[in-house]
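The first residue in the sequence is number 1, and the count goes up from there. FYI, side chains are in, hydrogens and waters are out, and symmetry mates aren't considered; it's all heavy atoms of this structure.
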Amino acid sequence: MPPAPFLPQRLIRLKRDGGTLTAADIERFVAGLTRGEISAEQVAALAMAVFFRGLDSVERRALTLAMARSGQVLRWPCDRLRGPVLDKHSTGGVGDKVSLILAPLVAACGAHVPMISGRGLGHTGGTLDKLESIPGYRTALASDEFMAQVIDLGCAIVGQTAELAPADRRFYAIRDVTATVESIPLITASILAKKLAAGLDGLVLDVKFGSGAMMPDRVRAAELAAALTATAGDCGLRARAVLGDMNQVLGRTAGNALEVGEAVAVLTGAGAEPRLLDCTLTLAAEMLVQGGLAPDHESGRHAAAAALAAGKAAETFGRMVRAQGGPADFIDRPGHYLAAAPVIREVTAGRTGYLAEFDVRAIGEAIVTLGGGRTKTEQRIDPRVGFSDVAALGTRLDTGEPLARVHAADDAAAQAAIAAFDEAIEIGDRAPEPGPVAVVLDAMEA
């Protein structure tokens, strides 16, 4: 007897009414999604049903695995690897250039890091956009070239290929325009599908919270972290979550070329803003623990700090840039290659006091307005623009003292960005209580 025909509307109705989807039905839905046999309207309807009804742990696992297996799954040749295959995923933030430092740093500690990154989304910057401010840097590599570089050099940072998790790419594009991006089960499946397709041995998840994050509320961010680590474990992938504070710009720069310059300064020892360094070393330590390269967090942090101080991470970054088409001497002369904005203006304090609060989302949106982000998918960005020398929360300021520098294409854009920055900060009479930049969640919390 032939199997009953698959009807997407049956799944939609079942989930709409609070029912539970079987793994077989989810697999058939994802297969139809991959082949283009399911309409955008049906995908949107299921996404909205999941947004309101959720998915249980069994459904999350089934959706994650089905999307991971919808395309190529990388198989790493064990006899050619010197260590584990590890990666980090961040849910994004303003000024988050950690990946640029972290991938070569963890590779310098003996791991292989196949980092598949994305472009800017909304007010948050994208690792690919940052790297493309380096002349010649190629973010699109064929799978065999990508794997060969990771095996040889220890790391590569590229964009998602058409072969990896293609169902996720179509699903996400539809979620992005139907107000269903924030669904924790769908975020979980989307993130982990790509990581499982990359053939990882271990994963660290940097889940941001605060005014500049996708999840402003810390409780909601912790809920996402718990879903990610539990689902990863259900799929056979070792994972640990770190909650990252995004209530201020991470580091002292925000904007593509400016952030690359700051990342190189950290790698070469020319200067490291304490919060950025702390976040990077925390994530590096957890990656080394997940890969069995360090017995505990403190040992991993010490190993990462030593590799950074010895210049091994900088050397690995330089080799990666060169291998992906960038200048051979980029690590030695970043200022020679990174384009500079023609207009630089100071943002100054309007009163005496302490920098008490940031609306970090507004800072990110100001960068988009400057041309450093996108309002349309196909839009080209200006890598030169953004903010540098951004003051940290708690900084004591006198009237007229610099808060940041705006880098803009023209005077009008600079003035608008200064006004936006002024609106996004609050100067108060007391300094806010400092909090940790990154908190590793234990098994009970995540």
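Comment: R80 does not engage D152 in a salt bridge, judged by the lack of any side-chain N to carboxylate O separation of less than 4.0 angstrom. Residues D87 and K195 are paired through a salt bridge, judged by an N-O separation under 4.0 Å between the basic side chain and the carboxylate. The pair R252-E273 does not meet the salt-bridge criterion, since no charged nitrogen lies less than 4.0 angstrom from a carboxylate oxygen. A salt bridge does not link D382 to R380: none of the charged nitrogens lies less than 4.0 Å from a carboxylate oxygen. Using a 4.0 Å cut-off between charged nitrogen and carboxylate oxygen, R351 and E426 do not count as a salt-bridge pair. E223 has a carboxylate O that lies under 4.0 Å from a charged side-chain N of R220, or vice versa, which qualifies the two as a salt bridge.
Using modelled atom types, no side-chain atom of R60 and backbone atom of P185 make a donor-acceptor pair closer than 3.5 Å. Within the 3.5 Å criterion, the main-chain N or O of G255 finds a donor-acceptor partner in the side chain of E259. Of the possible polar contacts, none joining the T229 side chain to the A241 backbone as a donor-acceptor pair under 3.5 Å is found.
In terms of heavy atoms, I134 sits closest to P327 at CG2-CD, 3.7 Å. Considering all non-hydrogen atoms of both residues, A313 and L267 come closest at CB-CD2, 3.7 Å. Nearest heavy atom pair, residue V249 against residue A254, reads CG1-CB, 4.2 Å. F209 and A221 get closest at one heavy-atom pair: CB-CB, 3.7 Å. When all heavy atoms of R169 and Q160 are compared, the pair lying nearest together is NH1-NE2, 3.7 Å. Across Y354 and G394, no two heavy atoms sit closer than the pair CD2-O, 3.6 Å.
A side-chain donor from one of Q324 and Y137 sits under 3.5 Å from a side-chain acceptor of the other. With hydrogens and angles left out, the side-chain atoms of D168 and S190 include a donor and acceptor closer than 3.5 Å. Side-chain contact annotation: E163 with T161, donor-acceptor N/O pair under 3.5 Å present. Under the 3.5 Å distance criterion, with hydrogens and angles disregarded, a donor-acceptor pair is assigned to the side chains of K88 and S99. Side-chain contact check for D359 and S211: no donor-acceptor pair (N or O, by modelled atom type) lies under 3.5 Å. Using modelled atom types and a 3.5 Å distance limit, the side chains of K97 and T253 yield a donor-acceptor pair. The closest side-chain donor-acceptor pair between D234 and T231, if any, does not fall under 3.5 angstrom. Side chain to side chain, Q72 and S143 meet the donor-acceptor criterion of an N or O pair below 3.5 Å.
For R69, the CZ atom is loosely surrounded, since the number of other residues' heavy atoms within 6.0 Å does not exceed 12. Within 6.0 Å of CD in E423 there are 12 or fewer heavy atoms belonging to other residues, nucleotides or ligands.
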Trace of the side chain to side chain donor-acceptor pair (under 3.5 Å) decision for R301 with T282: CA-CA 7 Å; R301 192 180 181 94; T282 297; 3.0 Å; yes

Do E132 and T139 pass the side chain to side chain donor-acceptor pair (under 3.5 Å) test, and can you show the C-alpha distance, the side-chain angles, and the key distance before you say yes or no? CA-CA 7 Å; E132 286 179 351; T139 58; 2.7 Å; yes

Determine, stepwise, if the pair L338 / S133 fulfils side chain to side chain contact (heavy atoms under 4.5 Å, CB included). CA-CA 7 Å; L338 294 171; S133 66; 3.8 Å; yes

Show, in sequence, the C-alpha distance, side-chain angles and deciding distance for K208 and D245, and conclude whether the salt bridge (charged side-chain N to carboxylate O under 4.0 Å, His left out) test is met. CA-CA 6 Å; K208 300 293 191 188; D245 178 22; over 6 Å; no

Evaluate the side chain to side chain contact (heavy atoms under 4.5 Å, CB included) criterion for residues I101 and L276: first the C-alpha distance (whole Å), next the side-chain angles of each, then the deciding distance (0.1 Å), finally the verdict. CA-CA 10 Å; I101 311 163; L276 174 60; 4.3 Å; yes

Side chain to side chain contact (heavy atoms under 4.5 Å, CB included) assessment of R240 paired with L441: CA-CA 7 Å; R240 193 72 177 267; L441 298 183; 5.7 Å; no

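Using bins of under 30°, 30° to 60° and over 60° for the plane-to-plane angle, the ring pair Y337/F330 lands in the tilted bin.
Applying the ring pair (Phe, Tyr, Trp, His ring centres under 6.0 Å) test to pairs two or more places apart or on separate chains, those with a residue in residues 383-410 are F387-F421.
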